[in-house]
There are 2 protein chains.
Amino acid sequence: MTTDTLSTKDKILQAAAEIAKEVGPVHLSLDAVARRAGLSKGGLLYTFPTKAKLLEALVEQHVSEFDESLRREEAARNHGPNSVVLACIAVYRAEFVCNEPEPSGILAAIANDPGFLEPIRRYNKQLLQRMRDNAEDPTLAMMVFLTIEGLRSLKLFEMGLLSKAEQIAAIDRLKNLFEPADPEMADVPVPA
Amino acid sequence: MTTDTLSTKDKILQAAAEIAKEVGPVHLSLDAVARRAGLSKGGLLYTFPTKAKLLEALVEQHVSEFDESLRREEAARNHGPNSVVLACIAVYRAEFVCNEPEPSGILAAIANDPGFLEPIRRYNKQLLQRMRDNAEDPTLAMMVFLTIEGLRSLKLFEMGLLSKAEQIAAIDRLKNLFEPADPEMADVPVPA
DNA sequence: TGTACTGTACCGTCCGGACGGTAATGTCAA
DNA sequence: TTGACATTACCGTCCGGACGGTACAGTACA
């Protein structure tokens, strides 16, 4: 039951993200989503009673998926110093290596109603705080956050500026800023 | 005449960006833009014969404004080494200090038609190339590009994560990576 | 017997865009 | 310098279509 529901939900969510990406959030219609997801409009409205609920789910899905991965990576690092920053880098690296699709759904949600930014704002605020509190060099943590945000943005808008290798190199260089055993080296970047 | 025309155009462009920001790009209607810009729908359609043309102008305006500022800053640095990166940082810093509004218009354009990403993609590709070619440390140039992109993204989505002071500090720290007279220090960040 | 849909028909609203004006200003030739 | 026409910069109205959402009858599986 739950599995079936989730599966249908996921199909819808995926369809919505795809359509938003293809034709732009403005032209994301429930009819098109239903068609792509392989069910009727009635069925779609049965699962998500309004368009707003669908968009909300799109945002929720993305944030909670990221958070789950992050917590897992943090735990794997025993919540030690810099674990939040490193976990964040690891999650982004993984979702990048696994070729996860860009979250066009979020864009669609925001385009429909800027109010959907609020939960994301809240989450990011709290995340950045945790990154800094847990990092040995808070300023550097902020720089990492910004760089990842830059990579994310490039991905979100499908700018094909950097090759996969370049992006992974950037991520790994970021990681190296934190991982050297010698703490005095923590804010010295490795040479190119 | 021309001044009047430009003024009307600018009023429309500004109105469109404001509305997009307030109600979301999806709900950006020509009627609303006309109302906000203080003219009739007919007058609006006279200035921009289609909605697509309006959105195109929104994108064009933003890109060309940035490019003009950039070229100016580059020239001020006599096109010497690192001048592109430094100019880029300076432009972003200036438009940030001057409290320029976030370019919600671009979001609106993209939301209407992802095709509007293409010119931006092209511009960014060429910009990044120029940054690297002109920089003493191309990898570091890329990192700067990503960090600025991160700050941009934060601004675009109005995440109020970093205080003004923090953002300026981040920008200036970025600048310091390139500006020290001693070239051997070029990729060592100043301590926080 | 109910949960999870399908399929269809329909309603009200909104929107982009076309169109037909019009008033003010400019141009130019007789 | 005046009358004829052109251009610019708008106004107000209308329409076809799309979209979100409702309602409801039917169906298939468990």
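Residue numbers begin at 1 in each chain, while the letters A, B, ... track the order of the sequences.
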Rounded to the nearest Å, what distance is computed from the [atom1] atom of residue [X] to the [atom2] atom of nucleotide [N]?
| X | N | atom1 | atom2 | value |
| --- | --- | --- | --- | --- |
| A/Lys9 | C/dA4 | NZ | P | 11 Å |
| A/Phe48 | D/dT22 | CZ | P | 16 Å |
| A/Asp31 | C/dT6 | CG | P | 13 Å |
| A/Leu55 | D/dG21 | CG | P | 10 Å |
| B/Arg35 | D/dG12 | CZ | C1' | 14 Å |
| A/Lys53 | D/dG20 | NZ | P | 17 Å |
| A/Leu45 | C/dT3 | CG | P | 19 Å |
| B/Leu44 | C/dC15 | CG | P | 13 Å |

DNA chain D contacts made by residues 12-20 of chain B, counting heavy atoms under 4.0 Å: none
Under-3.5 Å donor-acceptor pair between B/Lys41 side chain and D/dG12 base: no
Aromatic plane relationship, A/Phe66 with A/Tyr123 - under 30° parallel, 30 to 60° tilted, over 60° perpendicular: perpendicular
Check this for me: does any side-chain nitrogen of one of [X] and [Y] sit under 4.0 Å from a carboxylate oxygen of the other?
| X | Y | answer |
| --- | --- | --- |
| B/Lys175 | B/Asp172 | yes |
| A/Arg152 | B/Glu149 | no |
| B/Glu56 | B/Lys51 | no |

Side-chain heavy atoms of B/Leu128 within contact of A/Leu162, under 4.5 Å: yes
OP1 or OP2 of [N] under 4.0 Å from side-chain N/O of [X]:
| X | N | answer |
| --- | --- | --- |
| A/Tyr46 | C/dC5 | no |
| A/Thr50 | D/dG21 | no |
| B/Thr8 | D/dA9 | no |

Sugar-phosphate, base or nothing in reach of A/Leu39, heavy atoms under 4.0 Å: sugar-phosphate
Touch class at under 4.0 angstrom, heavy-atom based, for A/Leu28 against every strand present: sugar-phosphate
Result of checking A/Leu146, A/Ile148, A/Thr147 against A/Val144 for side chain to side chain contact (heavy atoms under 4.5 Å, CB included): A/Ile148
Exercise answer: donor-acceptor pairs, residues 94-112 of chain B side-chain atoms, under 3.5 Å, sequence neighbours excluded:
from, atom 1, to, atom 2, distance (Å)
B/Glu102, OE2, B/Lys21, NZ, 3.1
B/Ser104, OG, B/Glu102, O, 3.2
B/Asn112, ND2, B/Ala108, O, 3.3

